[in-house]
Amino acid sequence: MLKSHSCGELTKEQVGREVTLAGWVHRRRDHGGLVFIDLRDREGIAQVVFNPEISKAAHEVADGLRNEYVIKVTGEVALRPPGTENPKLPTGEIEVIASDIQLLNTSKTPPFYINEDVEVDENLFLKYRYLHLRRPRMRDNILLRHRVEKFMRDFLDAKGFVDIETPILMKSTPEGARDYLVPSRIHPGKFYALPQSPQQLKQLLMVAGFEKYYQIARCFRDEDLRADRQPEFTQLDLEMSFVDEEDILNLVEELFTSLVETVKPEMQVLKPFPRLSYAESMERYGTDKPDVRFGLEIRDLSDIVADSEFAVFRSAIQGSGKVKGICLPGCAAYSHKQLEELTELARTHGAKGLITLALPSDDHASLEHLTLDEVKSVAAKYLTIDQVKEMVQKFEAKPGDLVVIVAGEPNMANRVLDEVRREMGRRLNLMDPNLLAFVFIVGYPLLEWNNETGLWEPMHHPFTAPYEEDIPLLDKDPSKVRARHYDIVCNGYELSSGSIRIHTRQLQEKVFHLLGYSSKEIEERFGHLLEALEFGAPPHGGIAPGIDRVVMLLAGAENIREVIAFPKNQGAVDVMSDAPARVSEEQLDELHLKLKDEALSELELKAGP
RNA sequence: GGCCCCGUGGUGUAGCGGUCUAACAUGCCACCCUGUCACGGUGGAGAUCGUCGGUUCGAAUCCGAUCGGGGUCGCCA
């Protein structure tokens with residue numbers, strides 16, 4: 001090693017000892033006579049002092065140092081002179097008095113600050129990702145990710161799980177997300193697909209008798225990107241035999257709580273994880289991935305205003321819609337502009353408008369004696385005082401609150417109120433950044449009716465087992481069949497999905513048929529799985545937490561690109577290497593591929609003049 | 001594909017019809033400085049305002065198109 005210690009590990013312990021450090025020049029403070037260098041390596045920062053009276057030669061070299069130069073320094077660790085300690089730096093009590101320095105490499109001036117946390121155009125970050133990763137915050141994110149994955153491996157190993165790799169080149173199983181495809185050279189016209197998840201393989205590993213499997217698995221989905229979605233992402237994939245829902249839920253609850261206690265002890269977790277049914281989550285939060293760190297819960301007001309004179313409410317309800325709302329504490333004084341902003345937010349998510357009721361904020365006014373002219377709302381003249389009072393009661397509203405109401409199609413109303421709720425959670429500072437509010441969502445329906453295709457679709461995937469007692473309903477009323485499925489949600493993010501799987505051929509085939517597959521299709525796509533189920537497949541189930549999102553939440557990051565070493569931008573482009581890129585004619589030939597004219601002209605267009 | 005936001009020296013911002021021959025901070029270069037830690041001081045270089053077109057006597061500024069980026073809806077079994 002070129003170094004005896006790392007910069008960050010130095011403490012008073014080493015005072016008097018000669019050490020050799022190596023790292024990057026984080027900052028230079030040149031006092032003419034004295035030169036201070038903040039030397040940075042992976043573990044932290046240490047101050048190195050160059051004094052011409054100690055070493056003239058070293059001081060001269062230090063004079064020419066610039067940010068990000070790579071140096072090796074030898075010197076004695078010394079206590080800083082009294083009064084010059086730096087409490088902001090973990091190593092701030094000591095410094096290294098340089099007696100020798102070696103310049104290992106120079107550096108061009110970086111295109112952005114490494115030693116300051118200033119936001120920069122993200123494409124620039126991505127182009128010079130290796131420099132972005134040098135920033136202490138990014139470095140910490142990646143180190144945190146390492147600790148998270150290490151913890152998961154250790155935890156599951158201790159529980160008897162076996163780490164088994166599954167192939168990246170596999171068979172395309174249509175439905176679900178779009179596959180990334182890999183053309184075969186050896187088999188003209190045939191393609192491998194990259195796994196969207198190792199779903200079928202982990203089930204086959206249960207058939208194989210491994211009983212407890214896990215893998216930190218890369219998954220690929222060719223869909224549009226989002227702040228929490230990348231074309232390739234990582235799951236902690238796990239599967240167990242001879243279990244029911246409780247076994248899996250207890251396992252992951254313990255996994256997550258001890259994970260947070262170990263790698264991020266300053267964050268709090270709700271214990272035990274609350275459980276919400278899908279229906280309840282939709283009812284109270286308007287979404288199946290609620291942020292339960294704060295209230296502002298949605299209430300259904302349809303009953304209260306069913307006979308209302310107000311056309312907006314009445315027509316919504318008559319058209320099998322709903323009237324739902326939330327109560328915003330202390331927001332009655334919102335300005336016209338602020339209300340307009342909320343209305344605009346509602347409109348962009350499909351609402352025709354937003355009805356607001358501002359309750360009087362006079363401290364002495366009790367809402368029991370509320371009168372209609374005290375309520376500021378365009379709807380006030382169409383409502384009775386009793387209706388308003390019922391609403392107040394339903395929300396447990398206080399003087400000065402603002403009730404926000406959406407009327408219309410139930411899914412739209414839920415979606416809009418979910419948006420408004422989260423936006424107001426942010427504005428009212430109700431989201432505790434140090435709280436991880438994990439919640440289990442259970443009781444999903446097994447199937448959803450797709451109006452466009454006229455087919456039943458699996459709510460999650462076709463391998464999810466129905467409740468035993470609901471199996472007869474598969475023939476009578478598929479919409480009523482409940483799935484043995486569970487989601488884990490945290491702070492508004494879906495972290496994982498899992499289920500108890502179907503483990504008999506008979507039931508699996510029945511579900512496939514219900515989904516509209518022909519026997520031929522079933523055989524082609526799932527023949528190997530169905531056959532496996534005939535060879536003594538044990539009851540089994542599993543779950544697959546998304547590691548990128550877990551680390552993002554633990555890191556307090558806004559998007560998963562912050563916790564992935566080399567992510568792609570929203571156009572799925574690797575800006576650093578410029579992938580995807582053209583390949584040579586020869587490569588295409590070998591793969592028996594020919595580009596379509598439209599692809600070629602697109603390439604011409606982008607190549608530009 | 002739809003909608004919203006953004007594009008001005010290396011970086012981050014200001015400027016939003018004429019006084020912009022584009023400002024500020026930081027970075028960069030040179031010199032000075034022996035206790036700084038976002039060191040300090042003096043001086044200097046550096047942008048035809050994403051691109052194209054239009055309106056106008058005059059455009060960084062207004063309009064249109066286009067490209068690029070971010071967010072989001074669709075999509076993500």
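Within every chain, numbering begins at 1; the chains are lettered A, B, ... in the order of the sequence lines, protein sequences first and strands thereafter. Computed from a prediction, not measured in an experiment: that's the story for all the values here. Values below: every heavy atom of this structure, side chains too, minus hydrogens, waters and symmetry copies.
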Base, sugar-phosphate alone, or nothing: which one does [X] contact when heavy atoms must sit under 4.0 Å apart?
{"X": "A:D30", "answer": "base"}
{"X": "A:Q199", "answer": "base"}
{"X": "A:T464", "answer": "nothing"}
{"X": "A:L124", "answer": "sugar-phosphate"}
{"X": "A:E122", "answer": "sugar-phosphate"}
{"X": "A:E95", "answer": "base"}
{"X": "A:T348", "answer": "nothing"}
{"X": "A:N86", "answer": "base"}
{"X": "A:E558", "answer": "nothing"}

Taking the side chain of [X] as its heavy atoms from C-beta onward, which of [options] lies nearest to it?
{"X": "A:V120", "options": "B:U26, B:G68, B:G12", "result": "B:G12"}
{"X": "A:A177", "options": "B:U34, B:G69, B:C76", "result": "B:C76"}
{"X": "A:E223", "options": "B:A38, B:C75, B:G35", "result": "B:C75"}
{"X": "A:F36", "options": "B:U11, B:G35, B:G69", "result": "B:G35"}
{"X": "A:R221", "options": "B:A38, B:C76, B:U34", "result": "B:C76"}
{"X": "A:P81", "options": "B:G35, B:C37, B:C76", "result": "B:G35"}
{"X": "A:Y113", "options": "B:G10, B:A38, B:G71", "result": "B:G10"}
{"X": "A:D224", "options": "B:U72, B:G74, B:C39", "result": "B:G74"}

[atom1] atoms of [N] and [M], separation to the nearest Å:
{"N": "B:G54", "M": "B:G68", "atom1": "C1'", "answer": "22 Å"}
{"N": "B:U19", "M": "B:A60", "atom1": "C1'", "answer": "16 Å"}
{"N": "B:C63", "M": "B:C24", "atom1": "C1'", "answer": "30 Å"}
{"N": "B:U56", "M": "B:U66", "atom1": "C1'", "answer": "23 Å"}
{"N": "B:U36", "M": "B:A47", "atom1": "P", "answer": "37 Å"}
{"N": "B:C6", "M": "B:C20", "atom1": "C1'", "answer": "23 Å"}
{"N": "B:C37", "M": "B:C31", "atom1": "P", "answer": "23 Å"}
{"N": "B:C67", "M": "B:U51", "atom1": "P", "answer": "15 Å"}

How long is the line joining [atom1] of [X] and [atom2] of [N], in whole Å?
{"X": "A:D63", "N": "B:C29", "atom1": "CG", "atom2": "P", "value": "12 Å"}
{"X": "A:E53", "N": "B:U34", "atom1": "CD", "atom2": "P", "value": "10 Å"}
{"X": "A:Q570", "N": "B:C5", "atom1": "CD", "atom2": "P", "value": "16 Å"}

It should be established whether [X] places a side-chain nitrogen or oxygen under 4.0 Å from OP1 or OP2 of nucleotide [N].
{"X": "A:R27", "N": "B:C39", "value": "yes"}
{"X": "A:R66", "N": "B:C29", "value": "yes"}
{"X": "A:R226", "N": "B:C73", "value": "yes"}
{"X": "A:K108", "N": "B:C28", "value": "no"}
{"X": "A:N51", "N": "B:U34", "value": "no"}
{"X": "A:R29", "N": "B:U36", "value": "no"}

A:H31 over B:U36, stacked by centroid distance under 5.5 Å, angle under 30°: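 Base of B:U36: not stacked against A:H31.
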
Scan every strand shown for a Watson-Crick or G-U wobble partner of [N], both distances under 3.5 Å, and answer none if you come up empty.
{"N": "B:U21", "answer": "none"}
{"N": "B:C3", "answer": "B:G71"}
{"N": "B:U36", "answer": "none"}

Pair A:K127 + A:E122: basic N to acidic O under 4.0 Å: no

A:R226 with A:D228: basic N within carboxylate O range, under 4.0 Å: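 The answer is no: the pair does not qualify as a salt bridge.
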
Quiz item: cation-pi between A:R482 and A:Y467, 6.0 Å / 45°: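 Yes, a cation-pi geometry.
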
base_contact_polar (B:U26 base, A:E116 side chain, donor-acceptor, <3.5 Å):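 No pair found.
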
